[in-house]
Amino acid sequence: MHHLPDIVSLKRLLQSVAMLDAIICPDWEYRYYSFNANWAAGEMMGSMRNGQGDEFFVLFNSHGAFIKGFDHGSVVASLRLPGQQFYRDLPSQFASCCSEPAFSPEFVTFCMWRLLESPAWSSAATELASSGDSDGSARLLSILDRSPETYRRWASEYYERDVPSQAVIAVYEHRVLTDEIVAAINPTIAPASLGEDIAQIGYST
């Protein structure tokens, strides 16, 4: 958990990768990262789904942020532990998250949270193997290291196209999406068509 940014930075970062995915991949169902700034009253939600059973969800509310993830090939997944073991220390401010159907709460290999007043991220105290990446969190959350280059390398491989570094940096910095920035990322998409995605993601400068 040491690499996770603070709550505000995490929200902006998830909005950035979701915006980049929206530009590269117009079809929402085929995107890897997404963000909904209007998930529910007073709540926002970022997510990752790779189509192979791995996923993570990040909920932001007025109390802080909650992260739940599942790596189907991890050591922890093979143990088939009850989900409640991961949620037992969850603060009451995030109580609804462990039963939210959209988060597939029964499929969990890691869970962490951070209240606004907390100085760091927390997770349930579980007696799980600590060697390596036993719960898959390091792999699935590696995109959250705040480095534009991490996304650029991943997207270039996943979407099989060159993604210019300067354009990725611009979106990471939440700059205005000019025609030049959009064209550098995906020359086949009309910038004007991104309005709905920008609104849903809540991308702003």
Polar side-chain atom of Gln15 near backbone of Gly202 as donor-acceptor pair, under 3.5 Å: yes
Does [X] have any salt bridge (Lys or Arg N to Asp or Glu O under 4.0 Å) partners at least two apart in sequence or in another chain, and if so, which?
{"X": "Arg175", "result": "Glu173"}
{"X": "Arg152", "result": "Glu149"}
{"X": "Arg12", "result": "none"}

I'd like a table of donor-acceptor pairs (distance under 3.5 Å, sequence neighbours excluded) in which one partner is a side-chain atom from residues 59-74, with atom names and distances.
unit_1	atom_1	unit_2	atom_2	d
Asn61	OD1	His63	N	2.8
Asn61	OD1	Gly64	N	3.1
Asn61	ND2	Gln93	O	3.4
Lys68	NZ	Glu55	OE2	3.1
Lys68	NZ	Phe103	O	2.8
Lys68	NZ	Ser104	O	3.1
Lys68	NZ	Phe107	O	2.6
Asp71	OD1	Gly73	N	3.1
Asp71	OD1	Arg139	NH2	3.2
Asp71	OD2	Arg139	NE	3.4
Asp71	OD2	Arg139	NH2	3.3
His72	ND1	Gln52	O	3.3
His72	ND1	Asp54	OD1	2.6
Ser74	OG	Asp71	O	2.8
Ser74	OG	Ala77	N	3.2

For a 4.5 angstrom cut-off between non-hydrogen side-chain atoms, does Pro105 reach Tyr87? yes
Please list, chain by chain and in numerical order, all residues satisfying side-chain hydrogen bond (donor to acceptor under 3.5 Å, both in side chains) with [X], sequence neighbours excluded.
{"X": "Ser99", "value": "none"}
{"X": "Asn36", "value": "none"}
{"X": "Ser9", "value": "Asp6"}

Cluster membership besides Tyr30, Ile/Leu/Val/Met/Phe/Trp/Tyr side chains within less than 4.5 angstrom, sorted by chain and number, is none
With Ser193, which residues qualify under side chain to side chain contact (heavy atoms under 4.5 Å, CB included), at least two apart? Ile189, Ala190
Taking all heavy atoms of Ala199 and all of Ala37, pick out the closest pair and write down the distance. O-CB, 4.5 Å
Looking only at heavy atoms, which two atoms of Pro5 and Trp121 are closest? And how far apart? O-NE1, 3.0 Å
Stepwise side-chain hydrogen bond (donor to acceptor under 3.5 Å, both in side chains) test for Asp135 and Ser137: CA-CA 6 Å; Asp135 61 4; Ser137 60; 2.8 Å; yes
Any salt bridge (Lys or Arg N to Asp or Glu O under 4.0 Å) involving residues 97-121? Give me the pairs, sequence neighbours left out, ordered by first then second residue. none
Would you mind listing every salt bridge (Lys or Arg N to Asp or Glu O under 4.0 Å) that reaches into residues 21-50, with sequence neighbours excluded? Arg31-Asp197
Of all pairs that satisfy ring pair (Phe, Tyr, Trp, His ring centres under 6.0 Å), the ones with a partner from residues 163-202, not counting sequence neighbours: His174-Tyr203
If the plane angle is over 60° it's perpendicular, under 30° parallel, otherwise tilted; pick one for Tyr158 and Trp154. parallel
